[in-house]
Amino acid sequence: MPKLTVNDIEVDVEDGSTVLHACEAAGIEIPRFCYHDRLSIAGNCRMCLVDMERAPKPIASCAMPAGDGMVIRTDTDRVKKAREGVMEFLLINHPLDCPICDQGGECDLQDQAMGYGLDGSRFSENKRAVDNKHMGPLISTVMTRCIHCTRCVRFATEVAGVPELGAIGRGETMEITTYLEKTLTSELSANVIDLCPVGALTSRPYAFTARPWELNKTESIDVMDAVGSNIRVDARGAQVMRVLPRLNEDVNEEWISDKTRYAIDGLRRQRLDRPYARGRDGKLHSISWEEALKTVAGKLRKAKASRVAAIAGDQCDAESMFALKSLMARLGSPHLDCRQDGAKIGGARSGYLFNSTIAGIDDADALLIIGSNPRVEAAVLNARIRRNWLATQMPVAIIGDNVDLTYAAQWLGVEAALLDDVLSGNNKFAAKLKKAKRPMIIIGMGALTRRDGASVLGRARQIAEAYGVVTDKWNGFNILHNAAARVAGLDMGLVPGRDGMDVAGMAAAAKAGRLDVLWALGADEIDYSDFASSFVIYQGHHGDAGAHHADIVLPGAAYTEKDGIYLNTEGRVQYANRAAFPPGEAREDWAIIRAVSGAIGKSIGMDSLAEVRDALCEAVPHFAMPDQIDAVKWAKFGGRAKLSSKPVTSAIENFYMTCAISRASETMAECRRAQQADAKGAVAAE
């Protein structure tokens with residue numbers, strides 16, 4: 001480990017560190033624009049200049065490897081003058097439009113100009129002007145402000161894996177552009193807004209709507225997929241204005257997907273803000289909460305327990321699902337399910353978790369993907385796979401759709417029978433799995449929602465056991481969920497009880513006239529035409545599929561409007577916090593269920609969120625361990641039946657619209673239109 005002296009302070013740094021890292025280890029702030037911890041070193045802004053003993057001129061600390069015995073000074077007059085000179089050069093062409101710039105108040109250039117710059121300039125020439133570039137409906141460009149740090153270019157190329165950004169021209173005429181003036185085709189594209197140290201790239205949907213000091217900032221958890229990205233929700237009054245990423249090295253690092261960031265305008269549209277009941281004219285009419293509770297209680301009292309069922313949706317918090325499970329237990333009904341899509345999972349935890357953990361992707365040295373497109377289903381997780389592939393050239397193979405994952409992957413085919421070939425060693429990729437020390441399997445919902453999903457799961461388990469995917473020190477058997485609520489629901493046992501029906505069974509019973517009441521808790525992804533003869537109670541926050549088919553609607557709270565517990569695909573327990581209040585007469589979901597239980601006369605015995613959480617943690621102890629993953633034991637799971645000849649596909653085709661919130665979002669609709677337009681243009685060009 002090199003030992004350096006920085007401002008008379010001795011520090012030890014790891015091999016491969018730079019002088020900038022050594023300065024930070026000594027507790028000294030080094031200004032920078034182009035350098036970023038997660039991107040390659042460019043060394044082109046020169047703001048990080050420091051003095052090194054025996055060096056004839058200041059050195060760029062971000063690009064200089066730390067060496068043993070180096071003597072560094074960051075406080076000399078020469079360093080101060082150099083930084084002032086660099087800042088003066090950067091501001092030659094930068095427009096003086098801070099009052100109207102969306103970056104104002106959180107701009108690196110502002111902060112560093114105050115800390116390291118001069119109060120004037122020696123240049124009187126006209127500032128250059130640069131045409132704004134088209135980067136799609138999410139990114140607003142004012143390229144005259146660009147200081148050519150190239151962070152956006154490096155992110156697009158290295159992290160997102162879509163080398164569609166670059167520089168043309170030289171010197172003062174250099175410009176950052178998308179070359180063909182087209183929308184960035186990455187699901188992570190808007191992260192360049194956070195990376196941009198000036199106001200050249202800002203958020204188009206958020207433009208000119210708020211200043212950072214006006215917003216209440218709340219740390220929370222994303223529910224647009226099952227990664228559980230850590231986010232910060234910024235709200236003004238009752239309105240969520242924007243979502244930004246929070247740092248969590250084990251989950252999302254500091255990235256979030258475009259859907260996580262921009263689907264929030266769907267929270268303002270098609271909201272359910274009061275109870276509704278379907279009248280004799282077949283239309284929904286608003287009613288009071290008293291009438292709603294009375295109607296629901298009457299239906300549940302009359303119905304036999306064997307003819308009542310409940311389905312929990314994909315974005316439900318653990319507390320509301322536990323309250324619903326408790327209510328169904330009080331009613332005596334075993335018919336409940338949290339698997340809207342009919343996934344053949346449940347039972348042993350090792351059979352439905354991302355066992356290696358998301359951070360464990362960094363350690364894998366071979367990967368087999370079955371029935372999943374992680375680029376669409378979990379964009380941030382896919383970026384981790386790409387990073388490993390870039391560093392190690394890890395072999396990757398796909399059984400399923402032949403898609404561009406942003407890294408090289410061998411497409412084996414779409415036949416489920418390929419699993420038998422891999423298991424028997426008759427597939428070429430089997431040798432690569434056998435050779436690997438830490439092989440990994442990722443199974444998506446596209447493989448598990450099939451009729452033979454249990455058999456697919458069983459074959460994958462056999463492959464894992466045969467090829468060392470699971471050992472005493474490594475478990476690379478991973479299930480990639482799409483639903484933020486799924487793991488919590490499975491952990492608490494929100495699945496059919498003894499003689500209970502799953503979603504498919506409920507649909508069949510309803511068609512046969514054997515299901516009187518269906519309680520749909522935020523369930524918008526099922527086929528409600530199957531339940532036409534049942535009385536449907538829909539509890540949710542948007543006027544989506546569930547509300548359109550419901551006989552009575554109970555307005556609930558969206559994920560930004562309540563405190564809640566969510567478990568991500570790896571089983572990590574995470575606590576979300578309320579950033580705003582639900583609209584109108586909408587209420588938190590657990591409170592609605594408690595009120596209904598009281599109206600029936602069968603109280604669930606939990607009168608506050610704290611009591612719900614206490615009961616939940618008593619029933620499932622690991623829910624009381626925030627930001628932790630409870631260790632699991634490997635077990636037998638899955639079926640052994642013959643595999644179907646039906647092609648294996650991924651579960652999600654449209655990244656931008658996967659839930660009630662994103663379907664209500666105008667921004668997501670605009671992204672979808674831009675994606676389709678670019679696809680048509682590409683076909684026409686061919």
- Note on the structure: Nearest heavy-atom contact between Ala226 and Ala483 is CB-O, 3.6 Å
- Message: Can you tell me if Asp131 has over 12 outside heavy atoms packed within less than 6.0 Å of its CG?
- Response: no
- Would you check if there is a donor-acceptor pair between the side chains of Arg673 and Gln676 at a distance under 3.5 Å? no
- Item | Main-chain N/O of Gly43 paired to Arg32 side chain as donor or acceptor, under 3.5 Å | no
- Does the distance from a Lys or Arg side-chain N to an Asp or Glu carboxylate O, for Arg211 and Glu106, drop under 4.0 Å? no
- Query: Without hydrogens or angle criteria, can the side chains of Tyr35 and Ser61 be said to hold a donor-acceptor pair below 3.5 Å?
  - Reply: no
- Task: Please determine, by modelled atom types, if Glu254 and Asn191 share a side-chain donor-acceptor pair under 3.5 angstrom.
- Result: no
- Query: Asp265: what forms a side chain to side chain contact (heavy atoms under 4.5 Å, CB included) with it, not counting sequence neighbours?
  - Reply: Arg268, Arg269, Ser665, Glu666, Thr667
- Message: Is it the case that the side chains of Glu164 and Thr185 hold a donor-acceptor pair, with the cut-off being a distance below 3.5 Å and no angle test?
- Response: yes
- Message: Less than 3.5 Å apart, any donor N or O on the side chain of Asn132 or Thr141 sitting next to an acceptor on the other?
- Response: no
- State, to 0.1 Å, how close Ser662 and Cys659 come at their nearest heavy-atom pair, and which atoms those are. OG-N, 3.1 Å
- Item | From Met394 atom CE to Tyr407 atom OH, the distance as rounded to the nearest 0.5 Å | 7.0 Å
- Task: Give a yes or no answer on whether the side chain of Asn568 reaches the backbone of Arg572 with a donor-acceptor pair at less than 3.5 Å.
- Result: yes
- Taking Glu175 for its side chain and Ile168 for its backbone only, find out whether a donor-acceptor pair lies under 3.5 Å. no
- Message: For the CD atom on Glu14, are there more than 12 heavy atoms of other groups (residues, nucleotides or ligands in this structure) within a distance under 6.0 Å?
- Response: no
- More than 12 heavy atoms from other groups under 6.0 Å of CE on Met1: yes
- Query: Would you say the side-chain atoms of Glu377 and Ser650 include a donor-acceptor pair closer than 3.5 Å?
  - Reply: no
- Test item: His148 side-chain N/O and Met174 main-chain N/O as donor-acceptor pair under 3.5 Å: yes
- Message: Which residue in the set Asn252, Ile361, Asp225 passes side-chain contact (heavy atoms from CB on, under 4.5 Å) when paired with Leu381?
- Response: Ile361
- Item | Heavy atoms of other groups near Lys217 NZ, more than 12 under 6.0 Å | yes
- Please step through side chain to side chain contact (heavy atoms under 4.5 Å, CB included) for the pair Arg387 and Asp362, ending with a clear verdict. CA-CA 8 Å; Arg387 185 176 66 188; Asp362 297 340; 3.1 Å; yes
- cation_pi(Lys259, Phe655) dist<6.0 Å, angle<=45: yes
- Between Thr218 and Asn577, does a side-chain hydrogen bond (donor to acceptor under 3.5 Å, both in side chains) hold up when you go through it step by step? CA-CA 7 Å; Thr218 306; Asn577 298 304; over 6 Å; no
- At their closest point, which heavy atom of Gln574 faces which heavy atom of Asn248, and how far apart are they? OE1-ND2, 4.2 Å
- Message: Here's a test for you: under side-chain contact (heavy atoms from CB on, under 4.5 Å), which of Asp563, Val243, Val233 qualifies with Ser220?
- Response: Val233
- Do you know which two heavy atoms are closest between Gly228 and Val251, and how far apart they sit? O-CG1, 3.6 Å
- Query: Would you say Arg145's side chain and Leu201's backbone share a donor-acceptor pair under 3.5 angstrom?
  - Reply: no
- Look at Asp194 together with Arg261 and state whether they make a salt bridge at an N to O cut-off of under 4.0 Å. yes
- Query: Do you know which of Asn93, Ile92, Thr144 makes side-chain contact (heavy atoms from CB on, under 4.5 Å) with Lys127?
  - Reply: Asn93
- So with a 6.0 Å cut-off around CG of Asp37, is the heavy-atom count from everything else above 12? yes
- Query: CZ of Phe581: more than 12 outside heavy atoms within 6.0 angstrom?
  - Reply: no
- Query: Do Tyr656 and Glu670 have side-chain N/O donor and acceptor atoms under 3.5 Å apart?
  - Reply: no
- Query: With a cut-off of 6.0 Å (strictly less than), are more than 12 heavy atoms of other residues, nucleotides or ligands near CD of Glu214?
  - Reply: yes
- Query: Has the side chain of Asp250 got a donor or acceptor atom that lies under 3.5 Å from a matching backbone atom of Ala359?
  - Reply: no
- Query: So, does Arg375 use its side chain to make a donor-acceptor pair with the main chain of Asp404 at under 3.5 Å?
  - Reply: yes
- Task: Evaluate the side-chain proximity of Leu188 to Phe155: yes if any heavy-atom separation is below 4.5 Å, no if none is.
- Result: yes
- Do other residues, nucleotides or ligands put more than 12 heavy atoms under 6.0 Å from the CZ atom of Phe89? no
- Nearest non-hydrogen partners of Ile256 and Ser229, listed with the distance: CG2-CB, 4.0 Å
- Task: May I ask you to say whether Arg438 pairs ionically with Asp363, meaning some side-chain N is under 4.0 Å from a carboxylate O?
- Result: no
- Could you tell me the separation between the CZ atom of Arg83 and the OH atom of Tyr116, rounded to the nearest 0.5 Å? 6.0 Å
